[in-house]
*Asks:* 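Before we start, here is the structure in question, set down as structure tokens.
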Amino acid sequence: QVQLVEHGGDSVQPGASLYLTCQASGQIFDIGTMAWYRQAPGTKRELVATVTREHNVRHTEIAKGRFTISRDNGKNTVYLRMDNLKPDRSAVFLCKADIRTTPFDNTVGYWGNGTQVTVSS
């Protein structure tokens, strides 16, 4: 059994910063790429950023300039620092991790339940 749990979402004013965390736990042999997505009401889930086990990062246009992804392999945790938040950034932020539970299994993508980020004045 694998769980991903996000923390750090909050209701903030425009211009504020937030630091999201997502920790994977359970039967984990190996974690490959970890990622953050966002989903605003009535929209599709959108990729925000990814980070590999080797700490290679990729930020999409949603994130560029204000969001930074990072991870701690020893803690099975991925982070998303968000600066200068704008009202159009209000959404549920979800993490995803590509995990093998044993050396013999294929990699499976696991999702957290998300954490709400609301930006309004």
*Asks:* Would you mind reporting whether V2 and L4 have side-chain heavy atoms less than 4.5 Å apart?
*Replies:* yes
*Asks:* Looking at every heavy atom in both P14 and P87, which two are closest together, and how far apart are they?
*Replies:* CG-CG, 4.0 Å
*Asks:* Can you name the closest pair of heavy atoms from G109 and D98 and give their distance?
*Replies:* CA-OD1, 3.7 Å
*Asks:* Determine whether T21 and Q23 make a side-chain contact, defined as any pair of heavy atoms from C-beta on separated by less than 4.5 Å.
*Replies:* no
*Asks:* Please determine, by modelled atom types, if R58 and N56 share a side-chain donor-acceptor pair under 3.5 angstrom.
*Replies:* no
*Asks:* Determine whether W111 and Y37 make a side-chain contact, defined as any pair of heavy atoms from C-beta on separated by less than 4.5 Å.
*Replies:* yes
*Asks:* Taking side chain as C-beta onward, heavy atoms only, is L18 less than 4.5 Å from F67?
*Replies:* no
*Asks:* Find out whether I69 and M34 are in side-chain contact, i.e. whether some heavy atom of one side chain is under 4.5 Å from a heavy atom of the other.
*Replies:* no
*Asks:* Who else is in the cluster with Y19 when I, L, V, M, F, W and Y are joined by side-chain contacts under 4.5 Å?
*Replies:* Y79
*Asks:* Decide side chain to side chain contact (heavy atoms under 4.5 Å, CB included) for T50 and K96; before the verdict, give the C-alpha distance in whole Å, the side-chain angles of both, and the deciding distance to 0.1 Å.
*Replies:* CA-CA 9 Å; T50 62; K96 178 176 179 277; over 6 Å; no
*Asks:* Of all heavy-atom pairs between F93 and E6, which one has the smallest distance, and what is that distance?
*Replies:* O-OE2, 4.1 Å
*Asks:* Would a hydrophobic clustering, with Ile, Leu, Val, Met, Phe, Trp and Tyr connected at side-chain separations under 4.5 Å, put L20 with I62?
*Replies:* yes
*Asks:* Give the intermediate values and the outcome of side chain to side chain contact (heavy atoms under 4.5 Å, CB included) for residues H55 and N73.
*Replies:* CA-CA 9 Å; H55 303 282; N73 291 335; 3.6 Å; yes
*Asks:* Indicate, with yes or no, if L94 and V51 share a hydrophobic cluster defined by side-chain heavy-atom contacts under 4.5 Å among Ile, Leu, Val, Met, Phe, Trp and Tyr.
*Replies:* no
*Asks:* Looking only at heavy atoms, what is the nearest atom pair of V57 and H59, with distance?
*Replies:* CG2-CE1, 3.8 Å
*Asks:* Please find the pair of heavy atoms, one from I31 and one from A24, that lie closest to each other, and give the distance.
*Replies:* CD1-CB, 4.0 Å
*Asks:* Report the residues that fulfil salt bridge (charged side-chain N to carboxylate O under 4.0 Å, His left out) with R81, sequence neighbours left out, ordered by chain and then residue number.
*Replies:* D83
*Asks:* Please say yes or no: joined through hydrophobic side-chain contacts below 4.5 Å, possibly via intermediate residues, are V108 and F29 part of one cluster?
*Replies:* no
*Asks:* What are the two closest heavy atoms between Y110 and T101, and how far apart are they?
*Replies:* OH-CG2, 3.8 Å
